[in-house]
Visitor: 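Can you keep this structure in mind? I'll have questions shortly.
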Amino acid sequence: MEWRDEGILLWVRRHGEKNAVIEALSAEHGRHAGLVRGGASNSVSALLQPGAQLSLEWNARLAEHLGNYKVDLIRSRAATIMTDRVSLACLNVVSALLVQFLPEREPNKQMYSSTLDVVDALAQQDRFWPYRYAQWELKLLEILGFGLDLSRCASTGATEDLTFVSPRSGRAVCRTAGAPFADRMLPLPSFLLGARKPQIGDVREALRMTGYFLKHWVCDAYDIQDLPESRTRLVRLLANAPPGLPDAGDGDLTESELTWLGRARTGN
């Protein structure tokens, strides 16, 4: 058995003195693990950084075996992501959620494309990556079979002024129909519908919503007790973000924003 593909490295661990086992999200073969011989050596391990985009060549005697990887680096993202503690926290969550929930060896080009979009935004220090990440969680729910219906109001059929999401049905609810039950509803930030430019508070609300369904729908279905601790940490970091970050705008990052991001004051 043999195939060639490209993938995003999710995790790596040593295997014996010289080798390493890696797991990558590949474009054509899904989440897939394999053994990298010599992967613990300095020259190879320097390439095996989470978030790296790799050229993968996998082979095994039987399809169900772990198999061996030959890897070449397409793009490294470690240099920028590792210097930004919040971006690194986000990358850790992406990897943890994919490993926890995404079925092994089931191809899904949409999930690969969406994940590539997020890690590229992190590597480019795109100040709008939190929005991309919130949309990524929404896509993950859909891929796992728990997609939300945000197209129209579950009560009235209206397609405008959608403000809430029902925690029972996962369907959107307009402001008028949902107002009497607002304390039982989940927020629906309008940026998820493409309605307006978001602010950091919208991201927090979006993650509150997707987090509810990941925990109460997906975790329950997979018989998993809770979401990864790394996600809790990321939500906590976003809760401490300056109010203006990451608002739409082209201005330079302020000193408070740089401090929050964990970057040097030079912005590097």
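Side-chain atoms are counted along with the backbone in the values below, which use heavy atoms only and exclude waters and symmetry mates.
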Visitor: So, are Arg208 and Glu205 salt-bridged, with charged N and O less than 4.0 Å apart?
Guide: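 Salt bridge between Arg208 and Glu205, a charged N being under 4.0 Å from a carboxylate O: no.
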Visitor: Under the 3.5 angstrom rule, does the side chain of Arg231 hit a backbone N or O of Val93 as a donor-acceptor pair?
Guide: no
Visitor: Check whether any side-chain heavy atom of Leu227 lies under 4.5 Å from a side-chain heavy atom of Thr232, and answer yes or no.
Guide: no
Visitor: A quick test of your reading: do over 12 heavy atoms of other residues, nucleotides or ligands sit less than 6.0 Å from CD of Glu64?
Guide: yes
Visitor: Tell me every residue that passes ring pair (Phe, Tyr, Trp, His ring centres under 6.0 Å) with Phe146, counting only those two or more places apart in sequence or in another chain.
Guide: none
Visitor: Okay, side chain of Asp202, backbone of Phe191: is any donor-acceptor separation there less than 3.5 Å?
Guide: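 Not confirmed, Asp202 side chain does not pair with Phe191 backbone.
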Visitor: Per the ring-ring contact (aromatic ring centres under 6.0 Å, His included) rule, what does the pair list look like for residues 79-124, sequence neighbours excluded?
Guide: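 Non-adjacent pairs meeting ring-ring contact (aromatic ring centres under 6.0 Å, His included): Phe101-Tyr222.
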Visitor: Which ILVMFWY residues are connected to Ile74, directly or by a chain of links, through side-chain heavy atoms under 4.5 Å apart?
Guide: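 Members other than Ile74 - counting any ILVMFWY side chain reachable under 4.5 Å - there are none.
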Visitor: To the closest 0.5 Å, what do you measure between OG (Ser95) and CG (Leu9)?
Guide: 7.5 Å
Visitor: Does any non-hydrogen side-chain atom of Leu116 lie less than 4.5 Å from one of Val119?
Guide: yes
Visitor: Do you know which two heavy atoms are closest between Trp129 and Ser87, and how far apart they sit?
Guide: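 Result for this residue pair: NE1-OG, 3.8 Å.
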Visitor: Should we say atom CG of Asp183 is surrounded by more than 12 heavy atoms from elsewhere, each under 6.0 Å from it?
Guide: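 Yes, the 6.0 Å shell around CG holds more than 12 heavy atoms from other groups.
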Visitor: Could you check if a side-chain atom of Leu150 sits within less than 4.5 angstrom of a side-chain atom of Leu162, using non-hydrogen atoms only?
Guide: no
Visitor: Checking the side chain of Asp72 only, and the main-chain atoms of Ser55 only, is there a donor and an acceptor separated by less than 3.5 Å?
Guide: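 Checked: no pair found.
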Visitor: Just wondering, do Leu88 and Asp84 contact through their side chains at under 4.5 Å, heavy atoms?
Guide: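 Counting from C-beta outward, Asp84 and Leu88 never come under 4.5 Å.
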Visitor: Do Ser113 side-chain atoms and Gln110 backbone N/O form a donor-acceptor pair below 3.5 Å?
Guide: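 Pair absent, no side-chain N/O of Ser113 close to backbone of Gln110.
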Visitor: I'd like to check Leu98 versus Glu23 (side-chain heavy atoms, cut-off strictly below 4.5 Å). Are they in contact?
Guide: no
Visitor: Going hydrophobic residue to hydrophobic residue with side-chain gaps under 4.5 angstrom, can you get from Leu122 over to Leu54?
Guide: no
Visitor: Taking all non-hydrogen atoms of both residues, which atom of Arg75 and which atom of Ala123 are closest, and how far apart?
Guide: NH2-CB, 3.9 Å
Visitor: Any chain of hydrophobic side-chain contacts (each under 4.5 Å) joining Leu238 to Ile81?
Guide: yes
Visitor: To the nearest 0.5 Å, what is the distance between NZ (Lys215) and CD (Gln225)?
Guide: 7.5 Å
Visitor: Counting only heavy atoms from other residues, nucleotides and ligands, does the tally under 6.0 Å from CZ of Arg233 exceed 12?
Guide: no
Visitor: Test your reading of the model: is there a side-chain donor-acceptor pair from Ser26 to the backbone of Gly30, 3.5 Å cut-off?
Guide: yes
Visitor: If I compare all heavy atoms of Trp136 with all of Ser114, which pair ends up nearest, and what's the gap?
Guide: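 Shortest heavy-atom separation between Trp136 and Ser114 comes out as CD1-OG, 3.2 Å.
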Visitor: Take Tyr133 and Leu207, measure what side-chain contact (heavy atoms from CB on, under 4.5 Å) needs, and give me the verdict at the end.
Guide: CA-CA 9 Å; Tyr133 175 72; Leu207 294 184; 3.8 Å; yes
Visitor: State plainly whether one hydrophobic cluster holds both Val218 and Leu140, where clusters connect Ile, Leu, Val, Met, Phe, Trp and Tyr through side-chain heavy atoms under 4.5 angstrom apart.
Guide: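 Yes, one cluster joins them.
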Visitor: Report yes or no: do Gln49 and Arg77 form a side-chain donor-acceptor pair below 3.5 Å?
Guide: no
Visitor: Using atom types as modelled and distance alone, determine if a side-chain donor or acceptor of Asn19 lies under 3.5 Å from a backbone N or O of Gly38.
Guide: yes
Visitor: For the hydrophobic clusters of this structure (ILVMFWY residues joined by side-chain heavy atoms under 4.5 Å, transitively), does one cluster hold both Trp11 and Leu47?
Guide: no
Visitor: Would you call Asp120 and Arg132 a salt bridge, taking side-chain N to carboxylate O under 4.0 Å as the test?
Guide: no
Visitor: Within a strict 4.5 Å, meaning less than it, do heavy atoms of the Val71 and Leu56 side chains meet?
Guide: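 A side-chain contact exists here, since the closest heavy-atom pair is under 4.5 Å.
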Visitor: Assess whether atom CD of Glu2 is packed by more than 12 heavy atoms of other residues, nucleotides or ligands within 6.0 Å.
Guide: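 Result for CD/Glu2: enclosed.
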Visitor: Starting at OG1 of Thr115, measure out to CG of Leu10 and round the result to the nearest 0.5 Å.
Guide: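 The CG atom of Leu10 is 8.0 Å from OG1 of Thr115, to the nearest 0.5 Å.
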Visitor: So which heavy atom on Arg31 is nearest to which on Leu25, and how close?
Guide: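 Where Arg31 meets Leu25 most closely, the heavy atoms are N-CD1, 4.0 Å.
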Visitor: Minimum heavy-atom separation for Cys153 to Arg171, with atom names?
Guide: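 In this case the closest contact between Cys153 and Arg171 is O-NH2, 4.5 Å.
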Visitor: Check Met209 against Pro187 and note the closest heavy-atom contact, atom names and distance.
Guide: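 In this case the closest contact between Met209 and Pro187 is SD-O, 3.5 Å.
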Visitor: Mind checking the CH2-NE2 spacing from Trp3 to His29? Nearest 0.5 Å is all I need.
Guide: 5.5 Å
Visitor: Quick one: are Val21 and Leu35 in side-chain contact, heavy atoms under 4.5 Å?
Guide: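 Val21 vs Leu35: side chains touch.
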Visitor: Taking everything shown except Met1 itself, do over 12 heavy atoms lie less than 6.0 Å from its CE?
Guide: no
Visitor: Checking side-chain contact (heavy atoms from CB on, under 4.5 Å) for the pair Glu137/Leu141: CA distance, chi angles, key distance, verdict?
Guide: CA-CA 6 Å; Glu137 284 200 353; Leu141 284 167; 5.9 Å; no
Visitor: Can you measure from CG (Leu188) to CZ (Arg175) and round to the nearest 0.5 angstrom?
Guide: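 Rounded to the nearest 0.5 Å, the CG-CZ separation comes out at 10.5 Å.
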Visitor: Which word best sums up how the rings of Tyr212 and His216 line up, parallel for under 30°, tilted for 30 to 60°, or perpendicular for over 60°?
Guide: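 Ring orientation, 0 to 90° scale: tilted.
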Visitor: How long is the straight-line distance from CE of Met111 back to NZ of Lys139, given to the nearest 0.5 Å?
Guide: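 Answer rounded to 0.5 Å: 8.0 Å.
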Visitor: For residues Tyr131 and Gln135, is any side-chain donor paired with an opposing acceptor at under 3.5 Å?
Guide: no
Visitor: Keeping Asp149 on the side-chain end and Ser151 on the backbone end, is there a donor-acceptor pair under 3.5 Å?
Guide: yes
Visitor: With heavy-atom distances below 4.5 Å as the criterion, would you say the side chains of Val173 and Phe181 are in contact?
Guide: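 No, their side chains stay 4.5 Å or more apart.
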